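Reading through the structure tokens given below for one structure.
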Amino acid sequence: MVQLVGPLRKELADSLSTCKVLVVGAGGIGCELLKNLVLTGFKNIEVIDLDTIDVSNLNRQFLFQKKHVGKSKAQVAKESALQFCPTANITAYHDSIMNPDYNVEFFRQFVLVMNALDNRAARNHVNRMCLAADIPLIESGTAGYLGQVTVIKKGMTECYECQPKPTQKTFPGCTIRNTPSEPIHCIVWAKYLFNQLFGEEDADQEVSPDTADPEAAWNPEDATARATASEKDGDVKRVSTKEWARSTGYDPVKLFNKLFKDDIMYLLTMDKLWKKRKAPTPLDWLQLENTACPQDEAPGSGLKDQQVLSVWGLCQMFQHSVETLRSQLQEKGEGAELVWDKDDPPAMDFVTSAANLRMHIFSMNMKSRFDVKSMAGNIIPAIATTNAVIAGLIVLEGLKILSGEIESCRTIFLNKCPNLRKKLLVPCILDPPSANCYVCVSKPEVTVKLNVHKTMVLSLQDRILKERFGMVAPDVQIEDGKGTILISSEEGETDANNNKFLSDFGIRNGSRLQVDDFLQDYTLLVNVLHTEELERDVEFEVVGEAPDKAPPPQTNQEEVNSITNGNKDSAQPSTSSKGQQKRRTYCYKRLKTKTFSRVGILIWTEPGVYSMSYCNQGACL
Amino acid sequence: MIDMIEKEDPIISEEEAAQYDRQIRLWGLDAQKRLRGSRVLLAGLGGLGAEVAKNLILAGVKGLTLLDHEQVSEESCRAQFLVPVTAQGQNRAQASLERAQNLNPMVEVHADSTRVEDKPDDFFLQFDAVCLTGCSRDLMVRVDQLCSQRNIKVFCGDVYGYYGYMFSNLGKEHNYVEEKPKLVKPTENSNDGPEAKKAKVDPNETTMVKKTASFCALKEALEVDWTTEKAKAAMKRTPVDYFLLHVLLKFRTDKGRDPDPQSFAEDSQLLKQIRDDVLEALAVSSDLLSDDFTSYCFSEMSPVCAVVGGVLGQEVVKALSQRDPPHRNFFFFDGRKGNGVVDYFGPN
């Protein structure tokens, strides 16, 4: 005879009170999830989140109140959830899940792990940890009105990395520096500029005109002549942007005239660029000041941030923000660097004004601070109800797993509108692991195309192994018969190798590298394919993957547009993000017949505009 | 009422802008203002009611009245998260008030401990939307009729174990807007860049299209005639949840309560009996609902309340903000299968 404890059968209710589960993330999904777990009867819960509470979280992360702003999410979430069931046993960690303390042993304590994350790096990492520990993982994500839940079980289902997820597209340097054609190019430029002036300078974030632009197609002799000419002007090519700015005392007007007049005039001399494009028009501070109209700033009934300012208004915003940021730098002292933060008003003002002034120069419609913040800050609109639905589904899948019914688990998509079969929630059967997966097959292997003479060991570590292949602490051995250690995860051990090139170690076409991440219990064999022919701005390519790996649409030829957002791989908002691209693609399920059926949702393109696409940021899967 | 938005303060304060930022970026400022001018009545503070209350308060409605005559039992503390574990014996609405208010101090939250049945007709008129949970069929039908006459949006919803539903009646003529990408002709001077890609659709530009949807009364929705040829043909694509709902509503009417885990044996027996009676009365096949369902419709499952409460909450937000197509007119959720369907029942 069936026995019930509340709504649940007794055996299930009993196992809930003894088992231990892990919730990774205490934000939008995390808060709802904790509440559901506690109310459903889970008694032993651990929750981890590295973040603190912000006022913009309060519209949905209901375990937090205004008085908690600034405090640890995991900690406050625990305290609030305990109120629902004071006898529950909840442990909170204000920490990153990628901390080596959370090793395979740690994961093995749990019968179930549930992700409530917003970035790909952490998802990749938890995926590997759960594979290593052989613990079922429930993965989920939301963005706007859309969301999805899926279950990952080693050997039985696809892992999170079985399907290639499109990586962020980067804009070519010359688009950012010379020929922007869309507002997003100007916003990326402005963020680079912030770093060059106030933050950590990065060779990949140049803002000055790119004299090596192939489109400018100068003759080699001309190029030298121009290079010399520019050196005479004290161009940034000789002096770093920051040094130059310092030499002027961060004078806003001097900065303005250099960036928005002199540099633009320089671009104009590269006449080939403007044969088919509208040429930029340089700005002059004094001229703008003299022609400014007071009526230009008419207040509307909307949010103050949603107004588009006049050019002179932007000049003033530029001036004020530079002055404020300059003081911030001075306060911090010698060698200080600022980190761009969308919630820091002068930093946001700086990017808003610089980006808009550039848009104006290049004849684009300017954007409000509200819109710039969305794009620059990679903001994903979010509401409570979507998270509530997804968190409910997570627990239901969890209960199936705990009842020993993992075969009845599904991937479930939440749509904005019902599909043709009237379904708002669409369950789909889980796919088996992919035979080509470079993570979950028994002997993972990849082939990487790069130039062994131009790729530094540090690049291999950071760009390829960490960023692209999701490792946290890679150890690399060359399969050269001697077991030469190229990279050691031990701090400092192989620092001497960092700036050497791969070829310096005898690595050449056909070389094999054994890469281990001991924390993730993951070994990857990397085959090196040497090439001298990579596209401009491309450092390496993974063989077997097209640059933009999304399956082709089955039917229509609708234009594709969507924004891929910055990489939230680090705790800081990414300023080294390679840029953003507008592209709209559909979310597909691959059918057995190898055709594609559009299943649904996603993700988000930009404020107020929806379409379906993979979320390149990894925020919602 | 919603149309009085113009008389309200059009300015959104800085506090609101900061707190509602992420949702304003989704549904826009106009929608947020309409929400801010709306008053909602929520009857029933069980598991589902608490979820709906949370969702509406976080969304930023002007006022929410929590109406519940029941007392807090030991089970209610476990079932919902607004009632403190120490509140046994208190009125459920009153006990939920403090935590509900703390979710968002900018919303006026009230608690009312009277029975819904005892409220005079004009009580309901002060609200823009009414949401009924845990109410009997007759009560829901009565309130639905009186509210929709006065252009008050009506919502009903319940959770029974792993199953849940939501119903809405937004009136004969519900007006709303839908945001669609603006179609820009290639030759037009697209000012988003000197060489903006030759997009036929400029993704930056959207336009609001006005639309209307029509809804029927709950009475009509529940009294569909299944003996017609048309209905029989539609049976194949009809979610069985609709019939399950009839069974559960009848149980509630007959017993004055929902199936209780404490009397599992008798109640599941009774459920099967009611199923037989109901299906026969509706002249539909008796094997539409297998015996299986009886062990899965007891008590309110928290995750199911979260799902149904999320969908229901969002429908209320849509209706009040008059933005985006509403679901018409039922949403059924089966927590065992993970199925969530929207379907229309009523005269065509």
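Sequence lines set the chain letters: A, B, ... in the order given, protein chains first and strands last, and positions in each chain run from 1. Everything quoted here is computed from the prediction, not taken from an experiment.
- If you measure heavy-atom distances from Phe333(B) to chain A, the contacts under 4.5 Å come from the side chain alone.
- Interface check for chain B: of the options Leu396(A), Val5(A), Ile394(A), Leu58(A), the most heavy-atom pairs under 4.5 Å are formed by Leu396(A).
- Between chain B and the residues Gln65(A), Glu397(A), Arg410(A), the most heavy-atom pairs under 4.5 angstrom are made by Gln65(A).
- Between Phe330(B) and Phe345(B), a ring centre-to-centre spacing shorter than 6.0 Å is recorded.
- Between Lys275(A) and Glu215(A), no side-chain nitrogen of the basic residue sits less than 4.0 Å from a carboxylate oxygen of the acidic one, so the salt-bridge criterion is not met.
- In this structure, the portion of Lys400(A) lying under 4.5 Å from any heavy atom of chain B is its side chain and not its backbone.
- Both the backbone and the side chain of Ser56(A) come within less than 4.5 Å of a heavy atom of chain B.
- Per-residue counts of heavy-atom pairs under 4.5 Å with chain B were compared for Met366(A), Met359(A), Lys422(A); the largest is that of Lys422(A).
- With a threshold of 4.5 angstrom between heavy atoms, Pro86(A) approaches chain B through side-chain atoms but not through N, CA, C or O.
- Side-chain contact, Lys182(B) with Thr207(B): no donor N or O sits under 3.5 Å from an acceptor N or O.
- Heavy atoms of Lys66(A) lying under 4.5 Å from chain B belong exclusively to its side chain.
- Each of Tyr162(B), Tyr344(B), Phe332(B), Tyr20(B) has some count of heavy-atom pairs under 4.5 Å with chain A, and the biggest count is that of Tyr162(B).
- Only the side chain of Leu8(A) comes within less than 4.5 Å of a heavy atom in chain B; its backbone stays farther off.
- Residue Ala59(B): no heavy atom, backbone or side chain, is found under 4.5 Å from chain A.
- With chain A as the partner, the residue from Glu14(B), Lys337(B), Glu16(B), Glu15(B) showing the most heavy-atom pairs under 4.5 Å is Glu15(B).
- Ranked by non-hydrogen atom pairs under 4.5 Å with chain A, the options Phe81(B), Phe298(B), Phe331(B) are led by Phe81(B).
- Highest contact tally toward chain A, considering only Val83(B), Asn55(B), Val342(B), is held by Val342(B) [criterion: heavy-atom pairs under 4.5 Å].
- Side-chain polar atoms of Gln23(B) and Asn59(A) form a donor-acceptor pair below 3.5 angstrom.
- Looking only at heavy-atom pairs under 4.5 Å with chain A, the residue among Asn102(B), Leu82(B), Val85(B) that has the most is Asn102(B).
- Put simply, of Thr386(A), Leu399(A), Leu39(A), the one with the most heavy-atom pairs under 4.5 Å next to chain B is Leu39(A).
- Seen from the ring of Tyr296(B), Arg336(B) counts as a face-on cation partner, given the 6.0 Å and 45° thresholds.
- Proximity to chain B (any heavy atom under 4.5 Å) is shown, for Glu405(A), by neither the backbone nor the side chain.
- Listed for the Gln314(B) side chain is no donor-acceptor partner under 3.5 Å among the backbone atoms of Val311(B).
- Between chain A and the options Gln262(B), Arg237(B), Lys180(B), Glu300(B), the largest number of non-hydrogen pairs under 4.5 Å is found for Arg237(B).
- Between Asp343(A) and Lys373(A) there is a salt bridge, with a side-chain nitrogen of the basic residue lying less than 4.0 Å from a carboxylate oxygen of the acidic one.
- Salt-bridge check for Lys416(A) with Asp324(B): passed, with a basic side-chain N closer than 4.0 Å to an acidic carboxylate O.
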Working for side chain to side chain contact (heavy atoms under 4.5 Å, CB included), residues Ile412(A) and Gln148(A): CA-CA 6 Å; Ile412(A) 306 182; Gln148(A) 68 189 99; over 6 Å; no
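- For the pair Lys211(B) and Tyr176(B), the cation-pi criterion (under 6.0 Å, within 45° of the ring axis) is not fulfilled.
- In summary, the side chains of Glu11(A) and Ser403(A) do not present any donor paired with an acceptor at a separation below 3.5 Å, with no hydrogens or angles considered.
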